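Written below as structure tokens is the structure these notes are about.
Since the model is a prediction, treat every value here as computed from it, not as a measurement.
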Amino acid sequence: MMPSLNAKPGLHRSVSEWTSNNQQLSATAQHERHISNVIRQEGRTLRNETNFKTRWDETDTCRRLSDRVWDVARWKEVLETCAQKVDEEMETLTLSKEHTEQALAATAVPLEVTTECLTLREGRQGHELVTDPVDEQLKKEVELIERVQQVLQQHTSRAFEQLCILQEVRHQLTADLQNKMDALDIDMSCLSLTIKSPHISLKTNPTRIPSGSSTPQEWVQFSQHNVARAHEAMQVSQQIREDMNLTRAQLQNELETQRRATEFALRKRNHLEEQARHELEWQIKTTEEEMAEMESDIHGLDADLQAKTANLKLAHTRLETRTNRPNMDLCRDEVQHGLVNEVQQLEATIAALKQKLSEAQHSLQKMKLHHSRMLQDLSRKQGALSLEQRSLNTRARLTSTSSTDNKNSALVVPLANSSGRSNLQLLAQ
């Protein structure tokens, strides 16, 4: 059907315009193809470079992760070894502390025994209550035991404080070790991830620096500080143990030496007391014998005195009777002179006998008084000797206690450390 004549005709172009348009289209197409070709080549080059770079970066990241895993694992082993040594040192120090506490408790009996001996010996009476070498040794023993108790208590307190330090160090090592294990798990998990792993995804701002991050130098220094602090604490603990062991041995030797010195002085004093008692008993016996002889002699002197008095009476009577002779027969004859001499002799004899009798009676009285004092002193000596024997029997407890302690020391059971763990325990277990 023919178009309507009234339609507006299109714009006619010239042949040159048509040709120019075709050439422009061809040139534009050629230019776009060139640009496309360049872009394609650059894209392929970029793909190759980025693929290589990505693979290299991933490989380098895996290597870095492997190195990091090795570093963390190495420090984990170092921390585990150090923590194990700390546990062993804590157990050893605890055991040494227990031994020191046992030694401290063992001084209670010697102190009680020595004090009891001093109290017993205070029961002596009279001249037996003397300050002898036994008193000096017993007082020295009390002072030594009290000093030993003070020294052992100081060592026990020092060991307890060091155990607290070791426990704190052990806690710090455990916390660091736990962090190492967690970090090791995370890094090993990252090392196992691939692009085909199902749980990988894009994250929001993954390149941020988390708060509390540390540098590699700080990370190494932190663990080094923990290990160095642990070694320092263990060295101090070892020195404390050596000091405690040496001190215990020295103090035990001092106590044993003093115990022997005290018992030697006590046995010597006991021997002297027995000698003094035997001497006094002999003196009492000989005094009693002398008293008996003196009493016999007094009876003899008294009998002689009575006999001489009778002779004097006879002489007096004869003289008085002869005064009755009469006149010239009252002669001072030989008989008269003999009777006068006899009277004078008898009076001197009687005076001498009375003097000697008085001296004998006075001596007998003094011997009786001294005999009474000797009996009292013998009683006191027997009492003192009994107290010495009781002291020796009381000190026999020290020998039995020492033997028991030696047997118990051979059966010591290792103790757990203060944390209640005998083996290394980790939070992850």
Test salt bridge (Lys or Arg N to Asp or Glu O under 4.0 Å) applied to Arg260 - qualifying residues, sequence neighbours left out: Glu256
Nearest-0.5 Å distance, CZ of residue Arg74 to CD of residue Glu77: 9.5 Å
Please examine the side chains of [Y] and [X], heavy atoms only from C-beta on, and report whether any two atoms are closer than 4.5 Å.
{"X": "Val142", "Y": "Leu138", "result": "no"}
{"X": "Val86", "Y": "Glu89", "result": "no"}
{"X": "Gln137", "Y": "Leu266", "result": "no"}
{"X": "Glu128", "Y": "Leu385", "result": "no"}
{"X": "Arg395", "Y": "Arg259", "result": "yes"}
{"X": "Ser379", "Y": "Gln125", "result": "no"}
{"X": "Arg63", "Y": "Asp60", "result": "yes"}
{"X": "Glu289", "Y": "Lys285", "result": "yes"}

Expected output: side-chain Thr286 to main-chain Trp282 donor-acceptor under 3.5 Å: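 Yes, because the side chain of Thr286 sits within donor-acceptor range (under 3.5 Å) of the backbone of Trp282.
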Ser237 side chain vs Ala233 backbone, donor-acceptor pair below 3.5 Å: no
Nearest heavy-atom neighbours spanning [X] and [Y]:
{"X": "Met374", "Y": "Leu280", "value": "O-CD2, 3.5 Å"}
{"X": "Gln258", "Y": "Leu144", "value": "CB-CD2, 3.6 Å"}
{"X": "Val227", "Y": "Leu173", "value": "N-CD2, 4.4 Å"}
{"X": "Ala315", "Y": "Val343", "value": "CB-CG2, 3.5 Å"}
{"X": "Leu177", "Y": "Lys76", "value": "CD1-O, 3.5 Å"}

Pairs meeting criterion salt bridge (charged side-chain N to carboxylate O under 4.0 Å, His left out) with involvement of [range], two or more places apart:
{"range": "residues 343-358", "result": "Lys356-Glu359"}
{"range": "residues 314-323", "result": "Arg322-Asp333"}
{"range": "residues 148-166", "result": "Arg158-Asp243"}

Verdict with reasoning, Gln162 to Gln239, per side chain to side chain contact (heavy atoms under 4.5 Å, CB included): CA-CA 11 Å; Gln162 189 61 29; Gln239 185 63 43; over 6 Å; no
Sequence neighbours excluded and cut-off under 3.5 Å, please list the side-chain donor-acceptor pairs for residues 103-116, or say none.
unit_1 : atom_1 : unit_2 : atom_2 : d
Thr107 : OG1    : Leu104 : O      : 2.5
Thr107 : OG1    : Gln149 : NE2    : 3.1
Thr114 : OG1    : Pro110 : O      : 2.7
Thr114 : OG1    : Glu141 : OE1    : 3.4
Thr115 : OG1    : Leu111 : O      : 2.7

Return yes when atom [atom1] of [X] has more than 12 non-hydrogen atoms of other residues, nucleotides or ligands closer than 6.0 Å, and no otherwise.
{"X": "Asn205", "atom1": "CG", "answer": "yes"}
{"X": "Glu334", "atom1": "CD", "answer": "no"}
{"X": "Glu136", "atom1": "CD", "answer": "yes"}

Chi angles and distances behind the side chain to side chain donor-acceptor pair (under 3.5 Å) call for Glu274, His278: CA-CA 6 Å; Glu274 289 180 347; His278 293 157; 5.8 Å; no
Per-pair distances, 0.1 Å, donor-acceptor, side chain in residues 361-371, under 3.5 Å, sequence neighbours excluded:
unit_1 : atom_1 : unit_2 : atom_2 : d
His370 : ND1    : Arg373 : NH2    : 3.4
His371 : NE2    : Glu288 : OE2    : 2.7

Which atom pairs, donor and acceptor, lie under 3.5 Å between side-chain atoms of residues 291-309 and protein residues at least two apart or in another chain?
unit_1 : atom_1 : unit_2 : atom_2 : d
Thr309 : OG1    : Leu305 : O      : 2.7

Presence of salt bridge, Glu273 and Arg269, under 4.0 angstrom: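 Yes, this pair counts.
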Under-4.0 Å salt bridge between Arg68 and Asp71: no
Name all pairs fulfilling the side-chain hydrogen bond (donor to acceptor under 3.5 Å, both in side chains) condition that reach into [range], sequence neighbours left out, sorted by first residue then second.
{"range": "residues 221-236", "result": "Glu168-Arg229, Asp176-Ser223, Asp176-Asn226, Lys180-Ser223"}
{"range": "residues 34-49", "result": "Asn37-Arg40"}
{"range": "residues 384-394", "result": "Arg121-Glu388, Asn270-Gln389"}

Side chain to side chain contact (heavy atoms under 4.5 Å, CB included) assessment of Thr94 paired with Glu91: CA-CA 5 Å; Thr94 301; Glu91 292 176 1; 5.7 Å; no
Please set out all donor-acceptor pairs under 3.5 angstrom arising from side-chain atoms of residues 184-200, sequence neighbours excluded.
unit_1 : atom_1 : unit_2 : atom_2 : d
Ser192 : OG     : Met188 : O      : 3.4
Ser192 : OG     : Ser189 : O      : 2.7
Thr194 : OG1    : Lys196 : N      : 3.3
Thr194 : OG1    : Ser197 : OG     : 3.4
Ser197 : OG     : Thr194 : N      : 2.8
Ser197 : OG     : Thr194 : O      : 3.1

Partners passing side chain to side chain donor-acceptor pair (under 3.5 Å) against Glu279 (at least two apart in sequence or in another chain): Gln283
Arg124 and Val130: CA distance, side-chain angles, deciding distance, side chain to side chain contact (heavy atoms under 4.5 Å, CB included) verdict: CA-CA 8 Å; Arg124 295 172 297 170; Val130 295; 3.9 Å; yes
